[in-house]
Amino acid sequence: MTTTPFGTGCHLHLIDGSAFIFRAYHALPPLTRKSDGLPIGAVAGFCNMLHRYVEGNTGPDAPTHVAVIFDKGSHTFRNDLYDQYKANREAMPEDLRPQIPLTRTATEAFNIACKEQEGFEADDIIATLACQARDAGGRVTIISSDKDLMQLVGGGVEMLDAMKNKRIDSDGVFEKFGVGPDRVVDVQALAGDSVDNVPGAPGIGIKTAALLINEYGSLENLLDRAEEIKQPKRRQTLIENRAQIELSKQLVQLDNNMELGFTLDDLGVRDPNADQLLSFLAEMEFRTLSKRVADQLGKEAPAIVDAPAQSADAAEAPTVADIPFDSGSYECVRDAEALKKWVTQIRERGWVAVDTETTGFDEMVVDLVGISLCVEPGRACYIPLTHKSGGSDDLFGSDDLADGQMPLQDALDLLKPVLEDDSILKIGQNMKYDAKIFARRGIDVAPIDDTMLMSYAMHAGQHGHGMDTLSERYLNHTPIPIKPLLGTGKSAITFDRVPIDDAVAYAAEDADITLRLWQLFKPQLHQAGVTTVYETLERPLVPVLARMEREGIKVDRDTLSRMSNAFAQKMAGLEAEIHELAGQSFNVGSPKQLGEILFDKLGMEGGKKGKTGAYATGADILEDLATEHALPGLVLDWRQLSKLKSTYTDALQDHINAETGRVHTSYVQTGANTGRLASTDPNLQNIPIRSEEGRRIREAFVPEEGNVLLALDYSQIELRILAHVAGIDTLKQAFAEGQDIHALTASEMFNVPLEEMTPDIRRQAKAINFGVIYGISGFGLARNLRIPRAEAQGFIDRYFERFPGIRRYMDETVAFAKEHGHVQTLFGRKIHTPEISAKGPRAGFAKRAAINAPIQGTAADVIRRAMIRMPAAIAHLPARMLLQVHDELLFEVPEAAVEDTIETARRVMETAADPAVHLDVKLVVDAGRGQNWAEAH
DNA sequence: GACATCACG
DNA sequence: GACGTACGTGATGTCC
């Protein structure tokens, strides 16, 4: 490597690469490479900026040395100082991520030194180099407008805002901060920075900070003499927040003494290598820039083959695949040599669609059978790993491995570097499943994209998001069904018994379909206006959920077993009594038989219902009958016990994992159209709590020895969101003052002073409050409160009279749904309402759902944001996040760390809407702890 | 596999 | 003027 000694008279240029990238990304529309759709806008802008920069470097002021400096990794020493550092940063846009490595390549193509270092921000490298250059007697120009770099100005160091072509010297810094460069960090430490989440001193901005620093000379002197400050508020703030201010200084202070793996001498300006640069520009298919650069270098512009332009209506009719599916064309990878070739292809591409085949559906139990990969439409492979010999018709097929498979561990060892490589995107359909399979084998798959989640972000409310649905709908292709391969019922086999040839066709096709869906959906996210939803609420949640599911929660089998026995005994007693009263034996669990006994044999009042012609025997009906007869009440008791036993005390025992001794639920991220999660196998979001008897089931959910369970739940989050979106000042004020919201509603509606409030009036108001969230109707409220319909309607009328904003919100929401076919949450999540203009009763359903969705959905978005931020926030604590129940998060934590965990988790939850949305109503989180889930609540 | 029922927020 | 109706889920047992 050639070196150019740096010394007196030399001039170093340091380019802030990340700033270039983001400027380029936001300045240009989302361009894609014509030939394959690779997002390329930021790279194009970046190259244009570099080119313009190189062009301008003439004359006596030209640099002798230059480097472009990048950030690397997301965790720096500042995160160790302060876990919330940059915690508010939104995730990198999905279409930008694959472009990051290309900007490095671009820099090298221009033959400019390209530097980054793990664990440090670009700013620290810039600081270190600037100091070295200054000490060596040279000049430095930092090409950036980032105010965090202004502390470096002076003594031959200046900044240059490349966009405005404006130099910033000491005077410029003074203009910005009111102090010289040497005191910039003091001012920043006081003023804080909301963008990087540097706390600073509350209530003190740059102006006040400069005033104080100028008066006291330095931050240290100011803090030591804080008692002397005349303004009481200011004095108190500085004294109380001393530690926080000192921490802030550490955060903003750049490290100018880093260990670097290179020296200034390595950064000498070099002429571009014409061939290298032109071939890179051609590869990116930058026609204009290629031509311009070629002209300047006196070379011929490289040919860029014109790919057929996408038809204008491609987005509207995306059902035609250019390349036909051919299940016979897929490769079966049987040895390391073949797999290595795929690894090379993946590295060249920078992305790969991945799918795993397993012996079942429980990711915590199943074995890995094979892996499929796809790098471009039609080009996919399947790697069989643990298929057994003996065909599917051989019921007693041997447990020997089939021939022609590479050892499982060999395949994983080859794939691990790819699956964990930051610069290679792993694409999946329901990637959480595959990520968990890999995680159990020590592979942490990242970064990922997920076609199921893309579909959910774009199409929630329109259709399902399973692969078969998406393939038929958007690729006009019916995937090979799995049924014929596995069979059904008792004779069904697991995938490891499927002949490898059949497996290749089926499994590789899944990866092929996934890749095609990804290529189709990727540009559509932007067009549908849901890139932010996908990037900030969907994609980053995947690893969080995967981890929670893998943690699981300890459930005490003995407790459940004892309860099951007790329930069985009670049920037997009740059953005997019921048969006695009925005068005959029958199946109490059969609504049909029960209906006939009650209404035909015993002649109670009540009609048939439903298309089936069977009597309705729901709890509400039995409750009414119970006032006249003994039998219905006994059936209700029996049903409660039956439910608790079968669904909870029995079934939960079967879900205790033999290996971990814990219960591992699966969250379905696309389970609810509103943005809520769903929990399955088992559902841990509907563990009983409302009845005393059922609540005791929560006693079986326990922490490990020495730990406690911690439950944090949002207080009235949906009503708070309603108050915000509908702009109800009275409610907002009530929440601000911490009042009892249902009592206040009651007081407003029924003109009862708060001090004279009765539980019954409050209960009615509470029902109305909830009704409003659900898209209230007189009928529904009447049924809920068991009052005449006219009376219920009177309540509603009064409510709307008192809170006219609610009616306005409802009308506007329905009108919006009719106009756009969807409603949305405060965070931009879209929920489609295809039936909103239907005729008949369906319109009523759609209307109420449309009214409810933005409220329920915004609450769901808020807790998602909290969950996404939680792992980093509690990383320094021994706490584990285990469960989510819509407005509640459950943690397991050693006793010693309980207080810290509550404080940290509560802060994350209460500030989860920031900075994307500013709610007029503060969010409040209640916390509870205990030796089981019942106590913690 | 549809339906009724009931557990949760 | 009548229609029907609270919002969002998942698991279980019965019955065809």
Side-chain angles (χ1 to χ4, degrees), chain A residues 460-461 586-595 609-622 635-636 638-652 654-655 665-668 670-691 693-695 697-698 713-719 722 767-785 789 792-793 796 810 823 831 839-857 859-860 863 883-888 933 937:
Chain A
F586 72 101
N587 185 347
V588 185
S590 164
K592 185 165 171 277
Q593 292 179 33
L594 175 67
K609 254 195 183 171
K611 310 138 226 174
T612 54
Y615 291 112
T617 66
D620 48 348
I621 291 174
L622 294 190
V635 172
L636 283 170
W638 183 93
R639 276 193 183 163
Q640 189 196 8
L641 296 174
S642 164
K643 179 81 174 184
L644 294 178
K645 182 171 185 295
S646 68
T647 309
Y648 299 105
T649 57
D650 286 351
L652 272 176
D654 298 335
H655 281 286
T665 184
S666 289
Y667 289 103
V668 188
T670 57
N673 290 334
T674 52
R676 273 195 180 178
L677 302 176
S679 160
T680 66
D681 308 300
N683 181 354
L684 295 186
Q685 290 182 323
N686 71 347
I687 303 301
I689 191 169
R690 291 175 188 169
S691 77
E693 195 112 61
R695 192 190 178 92
I697 288 170
R698 294 188 174 223
D713 68 288
Y714 285 105
S715 165
Q716 309 283 12
I717 186 168
E718 293 194 351
L719 275 176
L722 175 69
I768 297 168
N769 276 333
F770 278 106
V772 165
I773 291 172
Y774 297 152
I776 199 160
S777 78
F779 185 93
L781 183 64
R783 200 174 62 171
N784 189 284
L785 286 177
R789 191 170 158 181
Q793 191 57 52
I796 294 170
M810 292 182 157
V823 292
I831 298 111
K839 292 272 172 272
R842 292 145 77 97
F845 278 114
K847 254 170 127 170
R848 291 191 296 273
I851 290 165
N852 174 258
I855 300 168
Q856 185 182 116
I863 197 167
L883 300 180
Q884 187 248 44
V885 191
H886 307 309
D887 63 358
E888 168 188 354
W933 197 1
H937 219 277

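In this text the structure is predicted, and so the values were computed from the model without any measurement. All chains are named by letter (A, B, ...) in the order of the sequence lines, taking the proteins before the strands, and each is independently numbered beginning at 1. Reckoned from all heavy atoms, side chains included, excluding hydrogens, waters and symmetry mates.
Residue A:S679 is in sugar-phosphate contact alone, with no base atom involved, counting any heavy-atom pair closer than 4.0 Å across all strands shown. Backbone-only contact: A:D887 has heavy atoms under 4.0 Å from sugar-phosphate atoms and none from a base. Residue-level contact check: A:A850 touches neither bases nor backbone, having no heavy atom under 4.0 Å from any strand. Among the heavy atoms of the strands, none lies under 4.0 Å from A:R695. Nucleic acid contact for A:Q640: sugar-phosphate only, since backbone atoms but no base atoms lie under 4.0 Å from a heavy atom of the residue. In this structure, A:F845 reaches the sugar-phosphate backbone alone: every heavy-atom distance under 4.0 Å involves primed, P, OP1 or OP2 atoms, never a base. Across all strands, A:G589 comes closer than 4.0 Å only to sugar-phosphate atoms, never to a base (heavy-atom distances). Within 4.0 Å of A:A616, counting heavy atoms only, lie sugar-phosphate atoms of the nucleic acid but no base atom. Across all strands shown, A:A651 has heavy atoms under 4.0 Å from sugar-phosphate atoms exclusively, and none from any base. A:E888 comes within contact range of no nucleotide atom at all, as no heavy-atom separation falls under 4.0 Å. Using a 4.0 Å heavy-atom criterion, one finds that A:I687 contacts the sugar-phosphate atoms exclusively. Within 4.0 Å of A:R690, counting heavy atoms only, lies at least one base atom of the nucleic acid.
Atom C1' of nucleotide B:dC8 and atom CG of A:N686 are separated by 5 Å, given to the nearest angstrom. As a whole-Å value, the separation of A:N683 CG from B:dG9 P is 11 Å. Taking atom CD on A:E693 and atom P on B:dA7, their separation rounds to 11 Å, with Å as the unit. One atom, CG of A:D713, and another, P of B:dC8, lie 15 Å apart when rounded to the nearest Å. Between the OH atom of A:Y667 and the P atom of B:dC8 there is a distance of 16 Å, given to the nearest Å. Look at CG on A:N769: it is 16 Å from C1' on B:dG9, rounded to the nearest Å. Distance CD1 (A:I621) to P (B:dA4): 11 Å, rounded to an integer number of Å. What separates CG of A:L677 from C1' of B:dC8 is a distance of 14 Å, to the nearest Å.
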Anything under 3.5 Å between a donor and an acceptor, one on a side chain of residues 767-785 of chain A, the other on a protein residue two or more places apart or in another chain? List them.
{"residue": "A:N769", "atom": "OD1", "partner": "A:Y799", "partner atom": "OH", "Å": "3.1"}
{"residue": "A:N769", "atom": "ND2", "partner": "A:H742", "partner atom": "ND1", "Å": "3.0"}
{"residue": "A:N769", "atom": "ND2", "partner": "A:T745", "partner atom": "OG1", "Å": "3.0"}
{"residue": "A:S777", "atom": "OG", "partner": "A:G780", "partner atom": "N", "Å": "3.0"}

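The partner of C:dC3, taking Watson-Crick or G-U wobble pairs whose two distances both stay under 3.5 Å, does not exist in any strand shown. Applying the Watson-Crick and G-U wobble criteria (two distances, each under 3.5 Å), C:dT12 pairs with B:dA4.
Annotation: side chain to side chain contact (heavy atoms under 4.5 Å, CB included) contacts of A:N587 (sequence neighbours excluded): A:S590, A:Q593. Residues forming a side chain to side chain contact (heavy atoms under 4.5 Å, CB included) with A:S642 (at least two apart in sequence, or on another chain): A:M571, A:W638. Looking at residues two or more places apart in sequence or on another chain, you find a side chain to side chain donor-acceptor pair (under 3.5 Å) between A:Y648 and A:N686. For A:K643, the side chain to side chain donor-acceptor pair (under 3.5 Å) test picks out no residue, with sequence neighbours left out.
In this structure, A:G778 and A:A849 both approach DNA chain C, and ranking their closest nucleotides by distance from the 5' end singles out A:G778.
Side-chain contact between A:R639 and A:T617: present, with at least one pair of heavy atoms (C-beta onward) separated by less than 4.5 Å. Side chains of A:L883 and A:W933 form a contact here, defined as non-hydrogen atoms less than 4.5 Å apart.
With distances taken from any side-chain atom of A:I689 to the nucleotides B:dC8, B:dA7, B:dT5, the minimum falls on B:dC8.
Note that the first and last nucleotides of DNA chain C, 5' to 3', having any atom under 4.0 angstrom from a heavy atom of chain A are C:dG4 to C:dC16.
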